[in-house]
There are 2 protein chains.
Amino acid sequence: MRDDRFCNSNCPFTRAIGTIGNKWKPIIINVIGTRTIRFGQLDSIVPHISRKVLTEQLKELEEDGLLERFAYKELPPRVEYKLSEKGLAFLPILESIKEWNCKYEVAPIPGEAGKKSRVNYARMP
Amino acid sequence: MRDDRFCNSNCPFTRAIGTIGNKWKPIIINVIGTRTIRFGQLDSIVPHISRKVLTEQLKELEEDGLLERFAYKELPPRVEYKLSEKGLAFLPILESIKEWNCKYEVAPIPGEAGKKSRVNYARMP
DNA sequence: ATTTGTAGTTACCCAATGGTAACCAGAATA
DNA sequence: TATTCTGGTTACCATTGGGTAACTACAAAT
């Protein structure tokens, strides 16, 4: 799910997109935020993701230095994740994407025919 | 290639990722920048993209209000694209991603065994 | 003795992504 | 007359993404 061609580009921006430019990683980074979180929590908080894909994404984020992983040799096992300095430095960017979207997103007119309208703007957990 | 579940989320951030959270759109927006550009130019500048995918991405970007399309009824046809206000407002975010990557990216040690090293850091056209 | 719980891994399979090549219009050019 | 040029669209096909379910280890609880 990392794009090797992008990651080996000679353009730093293209490489960045190769690293974090898919739909899951920004969501995961945003959900983690500044807290320490366990695998099971992520699995239940991130909407619609499967354990398999979550595992893959977390592994890549760790390899790319955005995430730190702490595995405790207990039973049942416990694994905790938190953002690294690099990952934390990415949070303001996500925040500005949020603001950008809120400012420019075209909200569908409620009840307009032929368009499925959104329900409400509740906050993410 | 837009993720409907994301786009219909009740979380504005998730919706934003549903809209621009794939590998091509940030690249395309970055390539266009502040200029007016023709389809054929984009096709030759954006690396590795096929005409089909480029067409789809441009159409979605237009539908999502990031891009304006001007088709001239000439022969051979001419179509020009430029970023809308919304699209232009996204450029600073891409710029900060670029800076973030340059600051935190772990450059491979040149000549290190077992790793394919990058060539050089030339500028994008 | 069996169940429960965590954090995965693996195999299997279907749906979606995306690439290639052919085709289009219609004027200009050779 | 045939070719070229542009900005697509379409059909076809291979690759990939990603979902589900089963399986793992081992301790603690029932």
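Note: hydrogens, waters and symmetry copies are ignored here, and every other heavy atom, side chains too, is used. Source: prediction; values computed, not measured. Convention: sequence-line order gives letters A, B, ...; per-chain numbering from 1.
F6(A) pairs by the ring pair (Phe, Tyr, Trp, His ring centres under 6.0 Å) definition with W24(B), not counting sequence neighbours. Remark: S44(B) pairs with no residue by the side-chain contact (heavy atoms from CB on, under 4.5 Å) rule, at least two apart or across chains.
Considering only side-chain N and O atoms, R69(B) lies under 4.0 angstrom from the phosphate OP1 or OP2 of dG8(D). Here R38(B) does not reach the OP1 or OP2 of dT6(D): none of its side-chain N or O atoms lies under 4.0 Å away.
dG18(D) atom P lies 14 Å from atom CZ of R2(A), rounded to whole Å. As rounded to whole Å, 16 Å separates atom P of dG5(C) from atom CZ of F39(A). Atom pair R5(A):CZ and dT15(D):P shows a separation of 14 Å (rounding to whole Å applied). The CZ atom of R78(A) sits 19 Å away from the P atom of dC26(D) (whole-angstrom rounding). Per the geometry, CG belonging to L58(A) stands 14 Å off C1' belonging to dT6(C), to the nearest Å. Straight-line distance from the CD1 atom of I49(A) to the C1' atom of dA7(C): 15 Å, rounded to whole Å.
Residue Y72(A) is out of contact with every strand shown, counting any heavy-atom pair closer than 4.0 Å.
With respect to the salt-bridge test (charged N to carboxylate O, under 4.0 angstrom), the residues K59(A) and E62(A) do not qualify.
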Sub-3.5 Å pairs of nitrogen or oxygen atoms, protein against nucleotides 20-28 of chain C:
none

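The side-chain heavy atoms of I27(A) and F13(B), taken from C-beta on, include a pair separated by under 4.5 Å.
To the nearest 0.5 Å, atoms CG (L61(A)) and CZ (R69(A)) are separated by 13.0 Å.
Panel note: side chain Q41(B), backbone R38(B); a donor-acceptor pair is recorded below 3.5 Å.
When distances are taken from the side chain of V53(B) to each of dT9(D), dA7(C), dG18(C), the shortest belongs to dG18(C).
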